[in-house]
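Here is how names work: the chains are called A, B, and so on, in the same order as the sequence lines, proteins then strands, and each is numbered from 1.
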Amino acid sequence: MGTKVAVGLSGGVDSSVAAWLLKQQGFDLIGLFMINWHDTEGTLSGDCPWMDDIIFAQLTARKLDIPFEAVDLSAAYRQRVVDYMFEEYRRGRTPNPDILCNREIKFDLFVQAAINHGAQYVATGHYCRKDTIMINGTETYRLLAGVDPGKDQSYFLCQLSQQQLASAMFPIGHLLKSEVRRIAENNGLVTARRKDSQGICFVGKVDLPVFLQQKLEAKDGVIVEIPSDSEVFKRKILPYDLHEKLQALSSPYTYHLSDGKIVGKHRGAHFFTIGQRKGLNVGGMMDPLFVIGLDVENNILYTGQGDQHPGLYRTALFIANRDIHWIRPDQALQLMEERRMRIRIRYRQPLQDATLYQMPEGLYVFFDEPQRGVTPGQFAAWYHDDELMGSGVIN
RNA sequence: UGUCCCGUGGUGUAAUGGUAGCACAACAGAUUUUGGUUCUGUUUGUCUAGGUUCGAAUCCUGGCGGGACAA
């Protein structure tokens, strides 16, 4: 009898192949399916999103001849992920529910469930890798990018801790997506040709404004266009003091009604996010309009014309101390320390060169190049080479 | 009231006698395990009634609507 591993079977090809690979390696497997959502409100498919998924997961377990069980974590998911989502949107910020889902559900409660089933490890179908090094005599886990450059999913795990990594296994992180598909095909896994899942983890594809209106009420407000040559964008002459410079560059522009002209109406500023183009319903412009700021207090949506609009770009961002998370605590920056890193601020974004500065109030990320759509509530994740070192919520 | 100007998809505009085009918006699909972005495709129009002409968005007349100047 080998080491006991619980594999999270989602009904997709990735987790199926992960399970198949572990089976080949002789692990004692149990397949667990997570139920995180029951409602169909707001979902586009109309029917229960996981009905098909659980069937495919079950078929996969049967094919591999491993025990199978469904774990219902929907109550906790609602509490720890969905409520957070509503709360962030209500505040005019843009959450990342999938990162929370991984931190709070998949690599917490789900792992607990796996342990209760006697498992020592939990395997998932994420495209990322883990290895173990020794530092001062203690085992330290490294979270590495998946080998497939187009599928690397380490970003979604950027909030995991050493403890959480300890029990994690990522069997497909060294493979390309095409190889995963081929393995599934060659071994008769029913999931081989299933379409990849999209949208919010386990909830499925949703019409977000409709989904959000379950909890956030619609209210009419105005859309204001800020001209690209507005005074708002003329930063005060940068002080020589590094700290003040970082503070200035990382703070969002603040707009007022008088800085632009009213070009349309919206049904609630909190339904939008920075950088958004679709859904503004304002036509007749030379170039498309993008959201460059939202004022939830006064329910005003600020926009700028064209993808080169200065309001769309920022060269620095700030992460408060309480929002800084080091996957590698041993590598954490000391006070007043700085370090070159590579950063992404959204899934699949190519890594951007930047310098991190640890100041008393928090961490500043100063990019070499201005970044488009720096959005409060989203996560910045910093890497050294292939290794995901830490992450934090953009302020 | 008089004179002049202007009415083209949802919006902004192009076509000055010869197949009504573009941009934005909207919708759909593709991409994407967050939001968003991006890509592709589709729908929708000559204010109205007559007239001239082989042929009218285009020229003429009336009406309707909007604007400017005059008083």
Side-chain angles (χ1 to χ4, degrees), chain A residues 8 10-15 34 36-37 44 49-50 53 77 81-82 84-86 88-106 124-128 146 148-159 172 177 180 194-212 216 223 225 263-266 270-292 294 303-309 312-313 344-350 371-381 391 393-394:
Chain A
S10 68
V13 64
D14 298 332
S15 59
M34 264 185 294
N36 284 7
W37 196 247
L44 289 180
W50 50 269
D53 295 334
Y77 186 86
V81 179
V82 178
Y84 143 84
M85 230 177 116
F86 282 128
E88 286 286 87
Y89 274 111
R90 194 185 59 71
R91 296 169 59 198
R93 294 156 58 90
T94 307
N96 189 321
D98 286 0
I99 288 177
L100 263 284
C101 174
N102 283 318
R103 186 183 79 191
E104 300 291 328
I105 308 294
K106 224 177 283 180
T124 67
H126 284 106
Y127 285 88
C128 64
D148 188 332
K151 289 300 292 186
D152 169 36
Q153 288 169 328
S154 56
Y155 176 75
F156 286 113
L157 304 180
C158 68
Q159 285 278 297
I172 63 163
K177 180 81 191 191
V180 168
R194 284 200 84 198
K195 190 168 155 45
D196 288 353
S197 64
Q198 290 175 3
I200 303 168
C201 177
F202 296 102
V203 177
K205 226 177 152 111
V206 298
D207 182 332
L208 202 59
V210 172
F211 183 80
L212 291 176
L216 306 176
I223 299 174
E225 182 192 352
V263 293
K265 293 180 302 189
H266 61 79
H270 46 258
F271 297 132
F272 294 84
T273 188
I274 290 177
Q276 181 169 345
R277 168 179 175 174
K278 291 293 175 183
L280 288 169
N281 227 314
V282 179
M285 301 283 177
M286 190 83 84
D287 290 310
L289 228 44
F290 294 92
V291 175
I292 58 174
L294 30 141
T303 60
Q305 205 178 145
D307 62 1
Q308 294 306 311
H309 192 95
L312 225 35
Y313 295 87
R344 65 165 52 100
I345 57 173
R346 59 176 59 82
Y347 178 53
R348 285 172 61 86
Q349 182 194 25
Q371 298 297 308
R372 175 164 167 177
V374 175
T375 309
Q378 290 281 292
F379 288 81
S391 66
V393 184
I394 299 169

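Two residues, A:K195 and A:P95, neighbour RNA chain B, and the one matched to the more 5' nucleotide by heavy-atom proximity is A:K195. Both A:F272 and A:P288 lie near RNA chain B, and the one whose nearest nucleotide falls closer to the 5' end is A:P288.
Remark: the A:R346 side chain and the B:rG35 base include a donor-acceptor N/O pair separated by less than 3.5 Å.
Across all their heavy atoms, A:S154 and A:R344 have their closest contact at OG-NH1, 4.4 Å.
Among B:rU34, B:rU38, B:rU33, the nucleotide with an atom closest to any side-chain atom of A:Y155 is B:rU34. In the set B:rG36, B:rU34, B:rU38, B:rG36 carries the atom at the smallest distance from any side-chain atom of A:T273. Candidate nucleotides B:rU37, B:rU34, B:rA25 were compared by shortest atom distance to the side chain of A:D98, and B:rU34 ranks first.
Between A:D53 and A:R194 there is a salt bridge, since at least one side-chain N of the basic residue sits less than 4.0 Å from a carboxylate O of the acidic one.
Base pairing of B:rG17: no nucleotide in any strand meets the Watson-Crick or G-U wobble criterion (both distances under 3.5 Å).
Note that NZ of A:K151 and NZ of A:K177 are 4.5 Å apart. Values are rounded to the nearest 0.5 Å.
Among the atoms of the strands shown, only primed sugar atoms or phosphate atoms (P, OP1, OP2) are found under 4.0 Å from some heavy atom of A:G279. If you check every strand for non-hydrogen atoms under 4.0 Å, A:L280 touches sugar and phosphate atoms only. Residue contacts shown for A:Q378 include a base, since a base heavy atom lies under 4.0 Å away. Here A:F379 lies out of heavy-atom contact (under 4.0 Å) with every strand.
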